[in-house]
Trainee: 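Here it is, the structure in full.
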Amino acid sequence: DYLSKFSFFYYEFLLCTDLPVDAKKYLLKNISSFEMSASYINHPYTVSKRIISLVILSCFRQSDVTDTQLQLEINNRLSEDISFLTQNIEYHIDGNHILTNFLALALVYKITREQTLEQFEKKYLKEFEEQFGRDVHYERSYSYSKQLLYEFILYYQLCSKEEQIEYSG
């Protein structure tokens, strides 16, 4: 099942509170060298989900990122992923993929205020409104609707928290 291989590279496992800091650092530093990485790690949707996980870890789980080296590894991964995703937005797929691509970059804009990313916040909000124009996601999938609404709530929470965020990227 290719979805399970893709989802491994979303890095959601880093959000486990009982995962030791050394394990998080090791995984962030070395995961791209794992044998199965090449065909899964740099897919735009996977990169988007990974950015979202790293933003959550950096901004909402700051107590889990007190280690300077861990924050450096997070920032390095974010930097690579942002560079890749800005060049590989999934316009050709549209739907939930493009919305998640835009969201990931909008979240990064919220924490960095990097002007080159501001356009993605505007695109995210416009695309969200278009895709949910009739109260349900236009693809009519419960799982897509649930996931995209969760992501919107995350965006909203980050917007309301942004004054308190310290990002060292």
Side-chain angles (χ1 to χ4, degrees), residues 3-4 6-19 24 27-28 41 43-66 70-71 73-86 88-90 93-169:
L3 286 178
S4 63
F6 274 114
S7 66
F8 177 74
F9 293 100
Y10 297 174
Y11 286 19
E12 291 171 336
F13 56 83
L14 292 175
L15 302 176
C16 297
T17 55
D18 58 347
L19 189 63
K24 291 178 183 182
L27 288 167
L28 277 167
I41 197 166
H43 182 279
Y45 186 77
T46 302
V47 170
S48 297
K49 296 296 280 184
R50 183 167 52 246
I51 289 171
I52 292 167
S53 292
L54 294 173
V55 167
I56 291 170
L57 185 61
S58 291
C59 298
F60 292 103
R61 305 290 269 304
Q62 289 175 330
S63 61
D64 294 346
V65 190
T66 56
L70 177 57
Q71 187 62 59
E73 294 299 335
I74 290 169
N75 291 349
N76 289 342
R77 181 79 253 170
L78 273 172
S79 180
E80 288 179 37
D81 287 346
I82 293 162
S83 179
F84 174 84
L85 187 56
T86 57
N88 292 281
I89 300 292
E90 295 175 285
I93 295 179
D94 199 34
N96 68 309
H97 281 242
I98 197 168
L99 200 54
T100 299
N101 294 166
F102 288 160
L103 170 74
L105 296 171
L107 291 174
V108 173
Y109 169 69
K110 282 297 185 193
I111 62 174
T112 65
R113 291 299 184 188
E114 173 60 46
Q115 287 305 120
T116 59
L117 298 176
E118 183 178 22
Q119 64 176 310
F120 295 107
E121 180 180 39
K122 292 174 182 174
K123 289 178 180 183
Y124 172 68
L125 294 172
K126 182 177 186 274
E127 191 70 28
F128 185 88
E129 188 175 321
E130 288 177 10
Q131 289 194 26
F132 278 91
R134 295 195 176 113
D135 299 329
V136 65
H137 188 254
Y138 78 90
E139 291 180 85
R140 302 231 180 264
S141 162
Y142 171 73
S143 63
Y144 287 174
S145 294
K146 183 179 83 167
Q147 173 216 324
L148 296 169
L149 289 172
Y150 163 79
E151 291 174 354
F152 183 77
I153 291 168
L154 176 65
Y155 170 79
Y156 180 79
Q157 288 176 325
L158 189 58
C159 288
S160 64
K161 181 182 166 88
E162 70 181 301
E163 296 300 316
Q164 304 167 25
I165 292 169
E166 291 182 29
Y167 179 75
S168 58

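Just so you know, these numbers use all the heavy atoms, side chains as well, and skip hydrogens, waters and symmetry mates.
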Trainee: Could you work out, with salt bridge (Lys or Arg N to Asp or Glu O under 4.0 Å) as the rule, every residue matching E90, not counting sequence neighbours?
Mentor: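 By the salt bridge (Lys or Arg N to Asp or Glu O under 4.0 Å) rule, E90 matches no residue at all.
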Trainee: Can you tell me how far CG of L54 sits from CG of N76, rounded to the nearest 0.5 angstrom?
Mentor: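 Rounded to the nearest 0.5 Å, the CG-CG separation comes to 11.0 Å.
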Trainee: Just verifying a value: how many Å separate K123 NZ and L125 CG, rounded to the nearest 0.5 Å?
Mentor: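 So the gap between those two atoms works out to 13.0 Å.
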Trainee: Looking only at heavy atoms, which two atoms of F102 and I89 are closest? And how far apart?
Mentor: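 For F102 and I89, the tightest heavy-atom pair comes out as CE2-CG2, 3.7 Å.
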Trainee: Could you grab the distance from atom OH of Y124 to atom CD of Q131, nearest 0.5 Å is fine?
Mentor: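 If I round to the nearest 0.5 Å, the distance is 9.5 Å.
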Trainee: Can you name the residues that form a side-chain contact (heavy atoms from CB on, under 4.5 Å) with S83, not counting sequence neighbours?
Mentor: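 Testing S83 for side-chain contact (heavy atoms from CB on, under 4.5 Å), a comparison that skips the adjacent residues, returns none.
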Trainee: Once rounded to the nearest 0.5 Å, what's the spacing between atom CD1 of I153 and atom CG of L158?
Mentor: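 Nearest 0.5 Å value for the CD1-CG distance: 14.0 Å.
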Trainee: Who pairs with Y109 by ring pair (Phe, Tyr, Trp, His ring centres under 6.0 Å), at least two apart in sequence or on another chain?
Mentor: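 Y109: no ring pair (Phe, Tyr, Trp, His ring centres under 6.0 Å) contacts found.
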Trainee: Quick one: closest heavy-atom pair of L85 and A104, and the distance?
Mentor: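 Closest approach of L85 to A104, heavy atoms only: CD2-CB, 4.0 Å.
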Trainee: Taking side-chain contact (heavy atoms from CB on, under 4.5 Å) as the test, write out the residues that go with L19, two or more places apart.
Mentor: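 Expected list: F13, L14, C16, A23, K24, L27.
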Trainee: Will you find, in the side chains of N75 and Q71, an N or O donor that is under 3.5 Å from an N or O acceptor?
Mentor: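 A pair is found: one side chain offers a donor N or O, the other an acceptor, under 3.5 Å apart.
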Trainee: Report yes if some heavy atom in the side chain of T86 is under 4.5 Å from a heavy atom in the side chain of F120; otherwise report no.
Mentor: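 When only atoms from C-beta onward are counted, F120 and T86 do touch, with a gap below 4.5 Å.
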Trainee: Residues in side-chain hydrogen bond (donor to acceptor under 3.5 Å, both in side chains) with K126, at least two apart?
Mentor: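 Scan of K126 (side-chain hydrogen bond (donor to acceptor under 3.5 Å, both in side chains), adjacent residues dropped) gives E130.
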Trainee: Calculate, to the nearest 0.5 Å, the distance between atoms CD and CG belonging to Q157 and L154 respectively.
Mentor: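 Answer rounded to 0.5 Å: 6.5 Å.
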Trainee: Restricting to side-chain hydrogen bond (donor to acceptor under 3.5 Å, both in side chains), what partner residues turn up for E73, sequence neighbours left out?
Mentor: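 For E73 the side-chain hydrogen bond (donor to acceptor under 3.5 Å, both in side chains) partners, ignoring immediate neighbours, are Q69.
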Trainee: Checking E114 now: which residues fulfil salt bridge (Lys or Arg N to Asp or Glu O under 4.0 Å) with it, not counting sequence neighbours?
Mentor: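 For E114 there are no salt bridge (Lys or Arg N to Asp or Glu O under 4.0 Å) partners, ignoring immediate neighbours.
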Trainee: Side chains of residues 45-52: which donor-acceptor partners sit under 3.5 Å, not counting sequence neighbours?
Mentor:
from : atom 1 : to   : atom 2 : distance (Å)
Y45  : OH     : Q147 : OE1    : 3.2
Y45  : OH     : Q147 : NE2    : 3.0
S48  : OG     : P44  : O      : 2.9
S48  : OG     : N101 : ND2    : 2.7
K49  : NZ     : E151 : OE2    : 3.1
R50  : NE     : D81  : OD2    : 2.7
R50  : NH1    : F9   : O      : 2.9
R50  : NH1    : I41  : O      : 3.3
R50  : NH2    : I41  : O      : 2.8
R50  : NH2    : D81  : OD1    : 3.1

Trainee: To the nearest 0.5 Å, what is the distance between CG on L148 and OH on Y155?
Mentor: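 Between L148 CG and Y155 OH, I get 15.0 Å after rounding to 0.5 Å.
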Trainee: Could you check if a side-chain atom of L149 sits within less than 4.5 angstrom of a side-chain atom of F128, using non-hydrogen atoms only?
Mentor: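 Yes. Closest side-chain heavy atoms under 4.5 Å.
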Trainee: For residues I98 and I93, determine if any side-chain heavy atom of one lies less than 4.5 Å from a side-chain heavy atom of the other.
Mentor: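 No, their side chains stay 4.5 Å or more apart.
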